[in-house]
Amino acid sequence: MSRASSALKRPPVTAPSEPVGAPSPFPAIEVAIDKQRRRGRGAQSNDSGRFEAEARVAFDDGWQSLDELPPFKTTVGLDTARKVITRNESPDIGFDRSINPYRGCEHGCVYCFARPTHAYLGLSPGLDFESRLFAKPDAPALLEKELAAAEYEPKMIAIGTNTDPYQPIERDRKIMRGILEVLEKTGHPVGIVTKSALVTRDIDILARMAKRQLAKVALSVTSLDPKLARTMEPRASAPAKRLEALKRLADAGIPTTVMVAPVIPALNDMEIERILDAAAHAGVKEASYVMLRLPLEVRDLFREWLMANYPDRYRHVFTLIREMRGGRDYDSQWGTRMKGTGPMAWMIGRRFEVACARLGLNKRRSKLTLDHFAKPERAGQQLSLF
């Protein structure tokens, strides 16, 4: 490994031509990580985070030294956060607070918009994001403490908005289950987003909460094609498993939503109707979609993946992405960042609406209640006499 300036994060090689008429915003790139070293991972590379003054570039020095590097293995560190509830003021999302039991996500979804957050840890949004994870084992205790605070006012907590709470390491660590136990005990509403069938493990808690209008679950189904799903989301549950999970949740009386997310033009947008149809047959009553988002490092990571796996579609996909983003690869403007703009975005939106109407989806939206919330007792708190 050699040290180099940030200008050498990507060794210079000839990049494929850009869509006709579009200026190239990309530097020349090369996938430097051997395929066997990153087997079962989504990202193709592991560039240093954008805040790092120096970058490490792997290159063959003539002694086949790259052959000696070990494959990427999942490691889990501890995140000793003092608080677990994260606040936001984004005007185009339906929640103002969330919980992330983990940092990083082993699912390895190449398009994940949360990847850039790993740069704040001095790590790469690439392979580090899906292999160097951090768990918050104190999350249930911290949550109970925050809910007990005198100034706390209840409102739905969203979980799974950044990294998946049911990623593989949750099977053993059970941090998410501990969080649900606290929320059930305090009567606090929660909305969950996941790509994992592991959510069915907690049907017992979720079903009890759902009876009190305290829980709802959304599963993201990006594709029904097992090959595409495995390539794009290598360690997430297979499409059939996600549909089965939706059915089990719906059968248990838990409000369920299917999310067609992200919609990637010329890659999976032709599956919108099929995904909605399969979810409706599984008992789902609500649906939503989100257009592909490529903020910061995600753009280049997705580009590398697309060139490695679907090079024949590269130009077409990015041409359509730019048509929906005002000529750019990404537009972060409130209100349009989730859906895009322009004729292609409009057509996808109308297709989604027509399919939902035909299948009877979104006729009624499930609502959660705050009526059951009761603050937990704080340690050492004096009991009231009245």
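Computed from a prediction, not measured in an experiment: that's the story for all the values here.
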Modelled atom types, side-chain donor and acceptor of [X] and [Y], under 3.5 Å:
{"X": "N46", "Y": "S124", "result": "yes"}
{"X": "D202", "Y": "Y166", "result": "yes"}
{"X": "Q167", "Y": "S196", "result": "no"}
{"X": "T369", "Y": "D371", "result": "yes"}

List the steps and the verdict of side-chain contact (heavy atoms from CB on, under 4.5 Å) for R173 and V76.
CA-CA 11 Å; R173 296 184 179 260; V76 184; 3.6 Å; yes

[Y] side chain reached by [X] side chain, heavy atoms, under 4.5 Å:
{"X": "L224", "Y": "L243", "result": "yes"}
{"X": "F113", "Y": "L296", "result": "no"}
{"X": "E273", "Y": "R351", "result": "yes"}
{"X": "S220", "Y": "T194", "result": "no"}
{"X": "R299", "Y": "Y330", "result": "no"}
{"X": "K83", "Y": "L142", "result": "no"}

R358, CZ atom: more than 12 neighbouring heavy atoms under 6.0 Å:
yes

